[in-house]
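Heads up: the structure comes next, in structure tokens.
What you see is a predicted model; the values in this text were computed from it and never measured. To find a chain, count down the sequence lines: A is the first, B the second, and so on, and within it residues start at 1.
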Protein chains: 2
Amino acid sequence: MEIEEILEHFHPLPPASKAALKACISEARYPKGHTLIRSGRVEKTLYFIRSGIVRAYSDADRGDVTFWFGKEGDVVISMKSYVSGQPGYEHVETLEACDLYQMKAQDLEMLFASDIHIANWGRKLIGQELIKTEERLISMQFKTAQQRYLDLMSATPDLLHRVPLCHIASYLGITQVSLSRIRAEIR
Amino acid sequence: MEIEEILEHFHPLPPASKAALKACISEARYPKGHTLIRSGRVEKTLYFIRSGIVRAYSDADRGDVTFWFGKEGDVVISMKSYVSGQPGYEHVETLEACDLYQMKAQDLEMLFASDIHIANWGRKLIGQELIKTEERLISMQFKTAQQRYLDLMSATPDLLHRVPLCHIASYLGITQVSLSRIRAEIR
DNA sequence: CAAAAAAATTTACAAATGATAAAAAAGCAG
DNA sequence: CTGCTTTTTTATCATTTGTAAATTTTTTTG
């Protein structure tokens with residue numbers, strides 16, 4: 001997915017603003033298993049996914065908990081770092097070799113302060129992430145694990161072929177054993 | 001809580017911008033049980049809570065599911081409406097008589113388009129909501145209902161005295177009966 | 001291709017949660 | 001205060017989910 005398409009997806013941008021954004025963006029390729037964002041730090045870089053899949057996870061008592069999958073067109077960003085300037089609680093790692101567009105958070109901050117179109121673009125970007133997160137929260141609150149699995153299957157069926165089930169189970173808020181049971185029932 | 005304090009809490013604002021915002025804000029008092037936001041509509045008003053408690057909920061198969069409590073200093077807004085301009089999925093009702101500051105969404109949009117400081121203020125506002133939502137999602141994914149209840153108690157102990165337990169149970173993603181059991185265990 | 005490692009499934013049992021109904025407690029109107 | 005309504009708790013049983021360990025399948029690596 002080309003950078004123009006990704007940027008415009010959040011909110012239309014006048015040509016000058018788009019050019020200013022693009023001027024700050026470079027490309028990079030990372031192998032599978034590479035950590036893009038590490039918890040406990042104030043992250044200085046953000047990414048747009050040109051191709052590939054990543055996951056965000058947090059440390060829990062027993063193992064880690066995947067709470068987000070990013071794919072083509074998504075933004076990879078430590079929300080906590082980005083919003084509050086404080087160390088984030090999430091790790092983000094690539095699950096496949098990924099082509100990414102990358103950008104310094106500080107450059108983006110400068111653009112936010114100087115270009116109102118970019119500021120509003122950033123506002124929309126965060127807003128869209130918020131909606132997605134809120135919808136997931138609600139589905140966690142009143143759907144069964146089986147319904148959540150079926151929803152995920154119909155929304156992003158390719159995920160199941162590209163991501164280990166242990167991460168999907170964790171994303172659904174259940175154990176891998178539970179997920180196996182659900183899958184067996186459906187078959 | 002005064003409006004100045006609420007506005008500044010999200011992000012500092014230069015005096016002129018603050019004044020522009022304040023010029024669009026009026027005050028209103030609503031009784032307990034009043035519906036501020038109704039699902040299926042594009043909401044035209046947003047609120048800041050001066051005093052009182054509200055809850056946001058969505059319709060589910062069996063009854064409604066509370067997914068957010070708003071209290072002093074919080075913003076009440078249909079995120080879906082606000083971000084995407086599409087009809088929202090949430091209702092918001094007052095759980096106490098509430099003193100609110102209110103504002104037309106359209107006035108805010110105009111300010112976003114014309115004042116870069118307000119655009120960035122709005123960006124921060126949404127960002128803070130996102131962090132809160134994300135943290136709740138993570139806690140839903142890997143904490144037990146009992147842990148979530150204890151967390152809620154320590155974070156906002158007054159909520160328990162001001163909100164019926166049925167809403168708190170729903171907010172925690174469990175039934176009221178389960179919540180009663182948890183409360184009995186702790187005692 | 002074969003061996004080793006990792007991932008996924010299955011099983012048995014334990015713990016947590018849900019559904020339902022009934023009892024107890026708390027809140028409210030007259 | 002009394003009676004009525006609403007809220008909360010308790011009890012029972014069914015279902016779901018978790019834990020742990022063993023087994024199978026898949027993937028990786030030499």
- Task: Starting from the C-alpha separation in whole Å, work towards a yes-or-no answer on salt bridge (charged side-chain N to carboxylate O under 4.0 Å, His left out) for B:K80 and B:E90.
- Result: CA-CA 9 Å; B:K80 184 87 173 180; B:E90 70 258 83; over 6 Å; no
- Dump the intermediate steps for salt bridge (charged side-chain N to carboxylate O under 4.0 Å, His left out) on B:R50 and B:D74, then the final yes or no. CA-CA 8 Å; B:R50 178 172 191 174; B:D74 285 333; over 6 Å; no
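Distances shown here put a side-chain N or O of A:T175 below 4.0 Å from the OP1 or OP2 atom of D:dG18. Neither OP1 nor OP2 of D:dT8 sits under 4.0 Å from any side-chain N or O of B:S180.
Among the nucleotides C:dT9, D:dA11, C:dT17, the one closest to the side chain of B:V177 is D:dA11. Residue B:R183 has its side chain nearest to D:dT9 when only C:dT9, D:dT9, D:dT17 are considered. The side chain of B:S178 sits closest to C:dT17 out of C:dT17, C:dA8, D:dT10. Among the nucleotides C:dT9, D:dG18, D:dA11, the one closest to any side-chain atom of A:I174 is D:dG18. Distances from the side chain of B:A184 to the nucleotides D:dT10, D:dT8, C:dT9 place D:dT10 closest. The side chain of A:P164 lies closest to C:dA7, out of D:dT10, C:dT10, C:dA7.
Base contact: B:Q176 has a heavy atom under 4.0 Å from a base atom.
C:dA7 atom P lies 18 Å from atom CZ of A:R162, rounded to whole Å. Atom CG in A:L95 sits roughly 15 Å away from atom C1' in C:dA6 (whole-Å rounding). Atom CD in B:Q146 sits about 14 Å away from atom P in C:dG18, given to the nearest Å. Residue A:I186 contributes atom CD1, which lies 11 Å from atom P of C:dT9 at whole-angstrom precision. D:dT8 atom P lies 11 Å from atom CG of B:L160, rounded to whole Å. In this structure, the CG atom of B:L179 is 9 Å from the P atom of D:dT8, given to the nearest Å. As a whole-Å value, the separation of A:L172 CG from C:dA8 P is 13 Å. Here the C1' atom of nucleotide D:dT25 and the CG atom of A:L165 are 12 Å apart, to the nearest Å.
Across the interface with DNA chain C, nearest-nucleotide mapping of B:R148 and B:K32 shows B:R148 to be the residue nearer the 5′ end. In terms of position along DNA chain D, the nucleotide closest to B:H167 lies nearer the 5' end than the nucleotide closest to the other residue of the pair A:R181 and B:H167.
Under the 3.5 Å distance criterion, the side-chain polar atoms of B:T94 are left unmatched by any main-chain donor or acceptor of B:A97. Side-chain N or O atoms of A:R136 include one that pairs as donor or acceptor with a backbone N or O of A:F67 at under 3.5 Å.
For A:F69 and A:Y171, the gap between ring centers is short of 6.0 Å.
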